[in-house]
Amino acid sequence: MARPTKVRTVEFFPENNYFVPVGKQKCDIEEVEIKIEELEAMRLKDIEGLNQEECAKKMQVSRQTFQNIIDSARKKVAVSLTEGKAIRISGGHYTTKHCKFKCMDCGNEYNIQYSQDKVSCPSCGLNKVTCNKKAGLCKRLCKDK
């Protein structure tokens, strides 16, 4: 029996999750799906410039698991670029340390993007904000210890 997949910790979620080569119709194109944790592995290694051990620690996986994740991600990107396939970023087996916050005044629920978002609502500007976990609203989104 195979070991269960360990949840990978992710800190970044892209605003754009679908990329299509120019000049090709979306309906006529094959897709390559990149998992959220694969994108995170490429971000940590290739953009942040961390070494393998630091990346694995941030994602809370072993170095070998991290290497497997990034190898898979890079292969998918290479196939997509060389064969003209679309890239869809979705799915995976991950969690995040980021917690959603809620403004107790206007009711806005949001993810923290800047440090000031922890003390004031980005929508109304008031400082009546709290972590959803503390308010009993968190649905296992964060691992705030």
Side-chain angles (χ1 to χ4, degrees), residues 1-103 106-125 129-145:
M1 177 180 244
R3 292 176 63 182
T5 302
K6 185 175 181 181
V7 175
R8 291 83 191 255
T9 301
V10 172
E11 296 177 354
F12 173 79
F13 295 92
E15 286 185 32
N16 302 304
N17 64 353
Y18 198 82
F19 300 88
V20 180
V22 174
K24 293 199 175 188
Q25 294 290 332
K26 189 176 171 183
C27 59
D28 297 333
I29 196 166
E30 290 183 50
E31 288 181 356
V32 172
E33 183 178 272
I34 296 177
K35 297 176 184 175
I36 298 291
E37 65 262 24
E38 291 172 333
L39 179 65
E40 177 73 350
M42 288 192 302
R43 183 187 74 83
L44 291 173
K45 182 72 174 149
D46 301 330
I47 297 171
E48 298 291 325
L50 302 177
N51 66 41
Q52 183 177 343
E53 189 171 347
E54 293 168 328
C55 294
K57 187 175 181 181
K58 276 192 165 267
M59 291 184 71
Q60 297 182 349
V61 296
S62 70
R63 288 184 309 211
Q64 182 61 50
T65 299
F66 174 79
Q67 190 63 48
N68 293 342
I69 293 168
I70 199 162
D71 286 346
S72 172
R74 288 175 174 168
K75 181 176 181 180
K76 289 176 181 180
V77 170
V79 165
S80 178
L81 293 175
T82 58
E83 297 178 10
K85 295 183 179 182
I87 297 174
R88 176 184 303 278
I89 302 169
S90 69
H93 199 70
Y94 63 90
T95 187
T96 181
K97 289 184 180 179
H98 299 299
C99 185
K100 284 194 179 232
F101 269 57
K102 181 174 184 174
C103 178
C106 71
N108 179 33
E109 286 189 37
Y110 59 93
N111 289 318
I112 295 171
Q113 294 183 2
Y114 305 100
S115 58
Q116 66 263 25
D117 291 349
K118 290 183 178 182
V119 291
S120 64
C121 175
S123 180
C124 69
V129 296
T130 185
C131 169
N132 276 349
K133 191 171 191 174
K134 292 177 185 168
L137 303 168
C138 191
K139 294 181 175 65
R140 296 183 188 195
L141 183 63
C142 66
K143 286 188 170 185
D144 191 15
K145 294 179 183 171

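- When all heavy atoms of Asn51 and Lys45 are compared, the closest pair comes out as CA-NZ, 4.0 Å.
- Across every non-hydrogen atom of Ile89 and Pro14, the tightest pair is CG2-CG, 4.0 Å.
- Screening Ser123, Cys121, Pro122 for a side-chain contact (heavy atoms from CB on, under 4.5 Å) involving Cys103 leaves a single residue, Cys121.
- For the pair Glu31 and Lys85, the salt-bridge criterion is not met [side-chain N within less than 4.0 Å of a carboxylate O].
- For the pair Phe13 and Ile36, the tightest heavy-atom approach, listed with the atom from each and the gap, is CE2-CG2, 3.9 Å.
- For Lys76, the NZ atom is densely surrounded, since the number of other residues' heavy atoms within 6.0 Å is greater than 12.
- Other residues, nucleotides and ligands place more than 12 heavy atoms under 6.0 Å from the CD atom of Glu48.
- Between the CZ atom in Phe66 and the CD atom in Glu54 there is a gap of 10.5 Å [rounded to 0.5 Å].
- You'll find the side chain of Lys58 reaches within 4.5 Å of the side chain of Glu11, heavy atoms only.
- Ile70 contributes atom CD1, which lies 7.0 Å from atom CD of Gln67 (distance to the nearest 0.5 angstrom).
- Contact detail for Gln52 and Gln64: the closest heavy-atom pair is NE2-N, 4.3 Å.
- Note that CD1 of Ile34 and CD1 of Ile87 are 4.5 Å apart. Values are rounded to the nearest 0.5 Å.
- Rounding to the nearest 0.5 angstrom, the gap separating the OG atom in Ser62 from the CD atom in Glu53 is 11.5 Å.
- Here the closest non-hydrogen pair linking Ile29 and Ala86 is CD1-N, 3.8 Å.
- Checking side-chain atoms of Glu37 against main-chain N and O of His93 turns up a donor-acceptor pair under 3.5 Å.
- Here the CD atom belonging to Glu40 is positioned 9.5 Å from the CD1 atom belonging to Ile47, to the nearest 0.5 angstrom.
- In this structure a side-chain-to-backbone donor-acceptor pair under 3.5 Å is missing from Ser72 to Asn68.
- Taking OG from Ser80 and CD from Glu33, the interatomic distance works out to 12.5 Å, rounded to the nearest 0.5 Å.
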